[in-house]
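Have a look at the structure below before the remarks.
Reminder, nothing fancy here: chain letters follow the sequence lines and each chain counts from 1.
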Amino acid sequence: MNCFCSSEHLGFSCYMMLVVPMNRSQGAGKRKRTDASPGTQSSLGPNEHAILDIVKGKGDMGIWIKDMRDKVNLPPTVFNKSIDSLKKNKMVKEVKNIKNKGRVHLVAAEFEPSKELTGGDWYADGNLDTEFITILKEVCFKQIDVMRVATIDQVANEIRKSNYFNIECSTQKIKEILNTLVLDNKVMTVTSNGIGEFAAIPAGTLCYKSRPKGSKQREAALTLIPCGVCPHTTICTPDGIISPKTCVYYTK
Amino acid sequence: MATRYGIQLAVHLISSHFGDLVAKVCECLLRKGTLTLRDIIRFTELSAQQVKNCLLVLIQHNCVQAFSTVEDGGLSESRIITQYMVIFNNIIHRMRFSKFIMIVSQEFDKECEELLEGLLQHGRLTLAQLLDRANTDKPEGKIPVVHLGGDRSRIHVRVLKSGFHRASCGLLCLSGNSFLMIGLSLTIKFVQFVECCPAQDALRESFNRLVNAHYVERCPASEPLLELKTDEAPSRRGAKSAKIARVVETTEQRALKAAAPMEAKRFLVVTNTGSDIHGKNTVDMPSNEITGEKQMKDEYMQLDGALGGAVCEKEVVWRANFEEFVLRLKQKVCVASIRAQYDDGAGVVLSAMLEATRGTERKIRGETSGPLSLNAIFEEVMKTEEGRTMTLEHVRSSLNQIGCKLDTAGPDQSYSIDLKNIIDTAQRDEVELIVLKRYGKEAFRMFRLLSRTRCLAETNKISDTALVDKKEAAKILYKLWQDDNVHMVRPTATSTSDKDLCLWTVNKDTLWKHVLDQMYHGALNLSLRTLYELEQEREILQLPREKRIGELGKRYERLRRVRILMESSLMKLDDSIMLFNDF
Ligand code: SF4
């Protein structure tokens, strides 16, 4: 598939090529423990040591700063100074709790924060990375559209080959994206029968196929009329104050 | 399914077709269920005569079925009681008569269309009444039979068969005793005026075609007597499984079953052509009926031989067979759905399969189609214009694509398709599209996930799979739950950390019913609004054409557009109602 490697073919702007990888590399950097180069423990004071021990003991879930303050029972200024020092020495990192964005957890630098805390691969800074997801979805969709029918591995390989993103797009991630495309009703899953358009794919393999051209998303008959999307349906009666006779939506 | 708004819509239809009194009786039956005459009088507070008249109208239009039951009189003798049950679906069918007429007009000629129109308009008629109705506006007396020269034998036959009135619309015009040719240069050899009415023969033929296609059927018995239900003790062997397998039948279902004519008799026409030309009785029966029914036919022939075709013509009452029309519409929906889901080729193949198995499908209520060999399907595909370019390989791949089951057991590979699956998918798509429009893309994604997995899923799991922000996901799910689109379960025995844990699922049965009720509500409102618009501009509608100018002309034009828009929306909405209620 030579054509796929061409960004023009896929219809992507230069903006996307430049901006997305930069954004994503920032997001991805936070989760890589190799990026951090922790300072030596010998330079730490006894307070920092005590705090660090507790943080390490909490593993990849870390500890909420307020809980830590209660636990060590230090004066606020001393506590804040110790935390700053640990952060400066890259021995702990702050991670926002996805379930409660106001809560910041301290996680030891050598631990990859738990998915429960960060929200998973698709979250950056406690927020769903919608921009990245949208673009990755678009890339996958165009890929399937170009190939007409493709397996997960085929899509993942093509995306990796194209170097659109400077972070790793694992097959698992691509699979998750393809599943959302199925949920969006943009592509459908089919099982290869090894003949015709599936000739290159072993029979029985799960494939993704773009919806037939021209099969525009239609609208449900109910939502084509005002009553289908009306907020007053429950109180609208033939002889009531709100009724089809007095309805303002039908005049529009 | 008679839901809350379904009943309101049914009452509205009856009220606008037959007036408020009939609607009152109908509403009483719809709300209270099957009743005796005395109960209806009591509940409606109408006079006995009024109720009787209303019931007659409803029975005539197939909206009510009467049946008798034997009431145990205790020490005294048992009594026979007549009860009246309303047939909700037949009332709602009144909204879609235009669709039924359209089916017939696409398959047959104008005469068939007019005959069906007559039946729909009057509910039940004998063939003699139908013929009378058709002939009321036709020229009386002698009918001219035109003998044409040249090799236009086809036209010659058509003119002969259809009678003068038919010919006059397309080919010939009568002016006194001479004919005027229109468009075609045909030589008239001679014109013969005959006493008989060849138009009646053509009408009988059209009628036979309608019955053979099962679009018209004999009316059910007017008041079948229901046997007293005896509670037979289940046989000892396999008693438990027999108990489970036995489907409990309601009295209404038993009454409908008892009233329905035998399958062999249901579409049996004994026409009388004697009074016209040939002077003999003929029994017409669909050619595709099974051989076992031939015997029935013979028996019936003997019976009818005694009575004579003329009696049959005057006494057998006919009505439109809604079941067959619903089946046709269902097949159309299946083909359209497959076309939208896959491609035109898949639609052509399915349509060909349905056409080829047309006779057999009725027997299995259109749940599946086939089995049919690949060659038979291919042959049928070739008959269609769109299918002519398709190769055998293309047909085979389309059959695989649409999920046809391949049966390799027989000597020939045969395919069959599950129509129920197609309908299920179409229903699910419809609900999903409603969710999309009302709640947006993210809700659509989550809803699709739930409706496809059909098991309980936790909020976090849903947000992770649908890639929706966790907080946002919880909010959307809550909104969907408030509007009864999803079902929420809170596990009781959970640890304190899981106190916010919610599990979600889509309860198909309740949701589908809820959506259907919303559709009935929409159809009712649309219908009421259309009536209101027409009522508001009544004087404009009554204006003669030449006065509809300037401002009045504009108002008329607006009203015309509004009416077309609303009526077409109502028909589309009715398609969806049928998808959920009838298919
Ligand atoms: S207020 Fe209007 S749009 Fe809303 S339900 Fe009533 S008739 Fe329909």
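Only the side chain of B:N400 comes within contact range of chain A, judged by heavy atoms closer than 4.5 Å. Only the side chain of B:N460 comes within contact range of chain A, with heavy atoms under 4.5 Å apart. Within the 4.5 angstrom heavy-atom criterion, no atom of B:E432 approaches chain A. Neither the backbone nor the side chain of B:E535 comes within less than 4.5 Å of any heavy atom of chain A. Interface remark: B:S397 contributes no atoms to any contact with chain A (heavy atom separation under 4.5 Å). Proximity to chain B (any heavy atom under 4.5 Å) is restricted, for A:I133, to the side chain, taken from C-beta onward.
Atom NZ of B:K572 has 12 or fewer heavy atoms from other residues, nucleotides or ligands within 6.0 Å.
Residues satisfying the salt bridge (Lys or Arg N to Asp or Glu O under 4.0 Å) test with A:K209, not counting sequence neighbours, are A:E197. In this view, A:T191 satisfies the side chain to side chain contact (heavy atoms under 4.5 Å, CB included) rule with no residue, not counting sequence neighbours.
In terms of heavy-atom proximity, A:M61 sits nearest to A:S114 at SD-OG, 3.5 Å.
Rounding to the nearest 0.5 Å gives a distance of 15.5 Å between NZ of B:K332 and OG of B:S337. The distance from the CG atom of A:L181 to the CZ atom of A:R211 is 11.5 Å, given to the nearest 0.5 Å.
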Would you list the atom pairs, donor with acceptor, under 3.5 Å between side chains in residues 466-480 of chain B and any protein atom, with sequence neighbours excluded?
from, atom 1, to, atom 2, distance (Å)
B:D469, OD2, B:K471, N, 3.3
B:K470, NZ, B:D464, OD1, 2.5
B:K479, NZ, B:D483, OD2, 3.3

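Chosen from B:M519, B:E533, B:Q518, B:H521, the residue pairing most often with chain A at heavy-atom distances under 4.5 Å is B:H521. The candidate with the highest count of non-hydrogen atom pairs below 4.5 Å against chain B, out of A:A220, A:C227, A:C236, A:P238, is A:A220.
Using a 4.5 Å heavy-atom cut-off against chain A, the contacting residues of residues 562-571 of chain B are B:M566, B:S569.
Both the sub-6.0 Å distance and the 45° axial angle are not jointly satisfied by B:K461 relative to the ring of B:W504.
With salt bridges taken as basic N to acidic carboxylate O contacts below 4.0 Å, none links A:K173 and A:E176. Using a cut-off of 4.0 Å between Lys/Arg side-chain N and Asp/Glu carboxylate O, B:K24 and B:E27 are scored as not salt-bridged.
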